[in-house]
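A quick write-up on the structure given underneath.
All values below were derived from every heavy atom in this structure, side-chain atoms included, with hydrogens, water molecules and symmetry-related copies excluded.
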Amino acid sequence: MSETLATATDTQWYALKVISGKERKVREYIDNEVKRSGWGHLVKQVLVPTEKVYKIIKGKKVIKERNFFPGYVLVEVKKDGLSSEMVQTLQGITGVMHFIERNKPVPLRKTEMNRILGKVDEMQE
């Protein structure tokens, strides 16, 4: 089992709805904001789930990477680490629309994340 699948029980995953096609740029902005704000100990990782797609272009097999969940960026945060200040800051980042469950962000279920991470790990190979 990969290290990513063995998600620590002291963290929770949240989904951010972002502008479709801007997921990688938003992840970069979030990473920069986490460093700037000193939240590195609270935010464990920011993930844009992708999958490899094989296409035949002009008779050659080409591998492309595409977003597994277009329009979403996943953020792993320590339990009780998601403060109202962090929520407001992350929602204020260019390209971010809102957390899933706008009023009070709700963490994704462990079963959902294991399925997503399992699919991501499978596609990386």
Which donor-acceptor pairs under 3.5 Å do the side chains of residues 33-44 make with protein atoms, sequence neighbours left out?
residue : atom : partner : partner atom : Å
Glu33   : OE1  : Arg36   : NE           : 3.3
Glu33   : OE2  : Arg36   : NE           : 3.4
Glu33   : OE2  : Arg36   : NH2          : 2.5
Glu33   : OE2  : Ser37   : OG           : 2.7
Ser37   : OG   : Glu33   : O            : 3.1
His41   : ND1  : Gly38   : O            : 3.3
Lys44   : NZ   : His41   : O            : 3.4

For this session: Just jot down the side-chain hydrogen bond (donor to acceptor under 3.5 Å, both in side chains) partners of Lys25, sequence neighbours excluded, or say none.
Result: Glu28

Exercise. Can you name the residues that form a side-chain contact (heavy atoms from CB on, under 4.5 Å) with Lys58, not counting sequence neighbours?
Worked result: none

Exercise. Rounded to the nearest 0.5 Å, what separation is found between the CD atom of Glu112 and the CG atom of Leu74?
Worked result: 10.0 Å

Exercise. Partners of Asn67 by side-chain hydrogen bond (donor to acceptor under 3.5 Å, both in side chains), sequence neighbours excluded?
Worked result: Glu23

Seminar exercise, completed: Here the pair of heavy atoms bringing Ile56 nearest to Lys61 is CD1-CA, 3.9 Å

Problem set entry | Lys22 atom NZ: more than 12 heavy-atom contacts under 6.0 Å | no

Exercise. Are Val106 and Val87 connected in the hydrophobic side-chain network, where two residues link if heavy atoms are under 4.5 Å apart?
Worked result: no

Problem set entry | side-chain contact (heavy atoms from CB on, under 4.5 Å) partners for Lys79, two or more places apart | Gln12

Exercise. Can you tell me how far the CD1 atom of Ile30 sits from the OG1 atom of Thr89, to the nearest 0.5 Å?
Worked result: 11.5 Å

For this session: Answer yes or no: is there a side-chain heavy-atom contact under 4.5 Å between Thr50 and Phe68?
Result: no

Problem set entry | All side-chain contact (heavy atoms from CB on, under 4.5 Å) counterparts of Phe69, not counting sequence neighbours | Pro49, Tyr72, Ile116

Exercise. How many angstroms lie between atom CD of Glu85 and atom CG of Leu90, to the nearest 0.5 angstrom?
Worked result: 10.0 Å

For this session: Look up atom CG in Leu47 and atom CE in Met113, then write down how far apart they are to the nearest 0.5 Å.
Result: 6.5 Å

Exercise. When rounded to the nearest 0.5 angstrom, what distance separates CG in Leu108 from CD in Glu101?
Worked result: 10.5 Å

For this session: Drop me the distance from Trp13's CH2 to Lys110's NZ, to the nearest 0.5 angstrom.
Result: 9.5 Å

Problem set entry | Over all atoms of both residues, closest heavy-atom pair of Thr94 and Tyr29 | O-CD1, 3.6 Å

Problem set entry | Which atom of Val26 lies closest to which atom of Val73, heavy atoms considered | CG1-CG2, 4.2 Å

